[in-house]
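Inspection log for the structure reproduced underneath, given as structure tokens.
Chain A is the first sequence line, chain B the second, and so forth, proteins listed ahead of strands; every chain is numbered from 1. When reading the values below, keep in mind they use all heavy atoms of this one structure, side chains included, and skip hydrogens, waters and symmetry mates.
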There are 2 protein chains.
Amino acid sequence: MKRDSRLSIVLHGLLHMEAHGKPMTSAELAVCMDTNPVVVRRTMAGLRDRGLVHSEKGHGGGWTIARPLGEISLLDIHESLGEPDVIGFSNKEESPGCLIEQAVNRELDATREEMRAAFAARMRAITLADIWESVRDRFVAHHNYRKDHHHDA
Amino acid sequence: MKRDSRLSIVLHGLLHMEAHGKPMTSAELAVCMDTNPVVVRRTMAGLRDRGLVHSEKGHGGGWTIARPLGEISLLDIHESLGEPDVIGFSNKEESPGCLIEQAVNRELDATREEMRAAFAARMRAITLADIWESVRDRFVAHHNYRKDHHHDA
DNA sequence: CAATTATGAAACAAATAAAGTTACATGAAA
DNA sequence: TTTCATGTAACTTTATTTGTTTCATAATTG
């Protein structure tokens, strides 16, 4: 299966927008994210429609985050992408006549529901601010490591 | 044909084998499962290699379950299929240099691990015997319903 | 107001992966 | 020795995601 990586793409883009400080164009984002400007627009479109980001045309235009990072959960973003299915396996047939296949589907459906619940619970609890802090922590750690170990004259 | 449905296919086939009582050919299974004999062989191959099922060539040959249903967990079967990834979303890049993308990956990786754990826990706890009972329960319920509501002269 | 720069969106092409199909070799039973 | 069944490789079809081209629209700049 070709797996959906839009959530990964969008999160990466959003945090670069935050780091940039001013509106960032689709072309600039595309370079950061090693993809295409049209892919950026297409992927951000859902977030724009929900008011998570803002886009502006013309000179000085581009993308900005429209809310405080702490008020955007990863679940909000997932929903803005149209809630693509996060499960990698499916039933051969969704409404089979066969009693055996029905029983198999019941069991696998229940498993998928549990996995979706685990996904939603975690994604609801995490905001962009959390990831942003995680970036900062690692950056500081890296900086301190270099400071403690540098061998310059 | 988008998501992997081999687990669904294999479970359906195994329980038909159980119901059949004698060796069942790939062609017979393919009819039950609305697929192709080669798909059946290909999908069952991993289970044969692990000793969950047995296959016999020639007249009277076909597939049989090699162990008591209660001793085959759904996780055993999943592993026999080569442990295909059960998650439907992925990272854009697996080992990025960008600190931001690394932080995004850490978060999504952790979420996927939780989902995989939920999958494995459930699949480990369920055996073919459980599904088989579920089939029987529904069959009996259906039979009783018909008995209580029939309107024959 | 015209040139430039940006998004919006449709349409199309490439890449990937699962499922289906064909073909044939191998082995077991009648 | 013929028939039936699995084992496997190679190829085709279909579904889905991602990438690309193209052009319309809007906002800013000179």
**Prompt:** What is the distance from CZ of B:R3 to C1' of D:dT17, rounded to the nearest Å?
**Reply:** 10 Å
**Item:** Presence of B:S5 side-chain N/O under 4.0 Å of C:dA18 phosphate oxygens OP1/OP2
**Value:** no
**Prompt:** Do NZ/NE/NH1/NH2 and the carboxylate oxygens of A:E113 and A:R116 come within less than 4.0 Å?
**Reply:** yes
**Asked** Considering only side-chain heavy atoms of A:E56, which listed nucleotide, D:dT22, C:dA19, D:dA27, is closest?
**Response** D:dA27
**Complete:** B:F89 CZ to C:dT16 C1', in whole Å, measures 19 Å
**Request:** Check the distance between C:dA19's P and B:L29's CG and give it to me in whole angstrom.
**Result:** 17 Å
**Fill in**
Separation of D:dT6 atom P from B:H54 atom NE2, nearest Å, is 11 Å
**Request:** Compare side-chain N and O positions of B:R41 against OP1 and OP2 of C:dT26 and report whether any pair is under 4.0 Å apart.
**Result:** no
**Prompt:** Between atom CG in A:D49 and atom P in C:dA9, what is the gap in whole Å?
**Reply:** 8 Å
**Prompt:** Hey, which of these two, B:A27 or A:D4, hits DNA chain D nearer its 5' end, going by closest nucleotide?
**Reply:** B:A27
**Request:** Starting at atom CG of B:L81, determine the distance to atom P of C:dA18, rounded to an integer number of angstrom.
**Result:** 12 Å
**Asked** Taking side chain as C-beta onward, heavy atoms only, is B:D130 less than 4.5 Å from A:E107?
**Response** no
**Prompt:** For B:K92 and D:dT17, is the shortest distance between a side-chain N/O and OP1 or OP2 below 4.0 Å?
**Reply:** no
**Message:** Looking at D:dA5, I'd like to know if its phosphate oxygens (OP1 or OP2) sit under 4.0 Å from a side-chain N or O belonging to B:S26.
**Reply:** no
**Item:** A:R48 side-chain N/O to C:dG8 phosphate OP1/OP2 under 4.0 Å
**Value:** yes
**Request:** Please report, rounded to the nearest Å, how far the C1' atom of D:dT17 is from the CD1 atom of A:I9.
**Result:** 10 Å
**Asked** Below 3.5 Å, does any donor atom in the side chain of A:K57 face an acceptor in the base of C:dT5, or the other way round?
**Response** no
**Request:** Using the rule that two of Ile, Leu, Val, Met, Phe, Trp, Tyr join whenever any of their side-chain heavy atoms come within less than 4.5 Å, decide whether A:L69 and A:L7 are in one cluster.
**Result:** yes
**Prompt:** Does A:L74 belong to the same Ile/Leu/Val/Met/Phe/Trp/Tyr cluster as A:M17, with side-chain heavy atoms less than 4.5 Å apart forming each link?
**Reply:** yes
**Stepwise salt bridge (Lys or Arg N to Asp or Glu O under 4.0 Å) check, A:D109 with A:R106** = CA-CA 5 Å; A:D109 287 346; A:R106 279 198 298 278; over 6 Å; no
**Closest-nucleotide 5' rank along DNA chain D - winner of B:T25 and A:G60** = B:T25
**Item:** Any B:T35 side-chain nitrogen or oxygen under 4.0 Å from OP1 or OP2 of C:dG20
**Value:** yes
**Donor-acceptor pair (no angle test) under 3.5 Å: A:R42 side chain, D:dG19 base** = yes
**Message:** If I take atom CG in residue B:N36 and atom P in nucleotide D:dT8, what distance separates them, rounded to the nearest angstrom?
**Reply:** 16 Å
**Request:** Measure from NZ or CZ of B:R6 to the centre of the six-membered ring of A:F89 and say whether it is under 6.0 Å with the direction within 45° of the ring axis.
**Result:** no
**Asked** Any N or O donor-acceptor pair linking the side chain of A:H59 to the base of C:dT4 at under 3.5 Å?
**Response** yes
**Request:** Using a 4.0 Å heavy-atom cut-off across all strands, classify B:G62 as base, sugar-phosphate, or nothing.
**Result:** sugar-phosphate
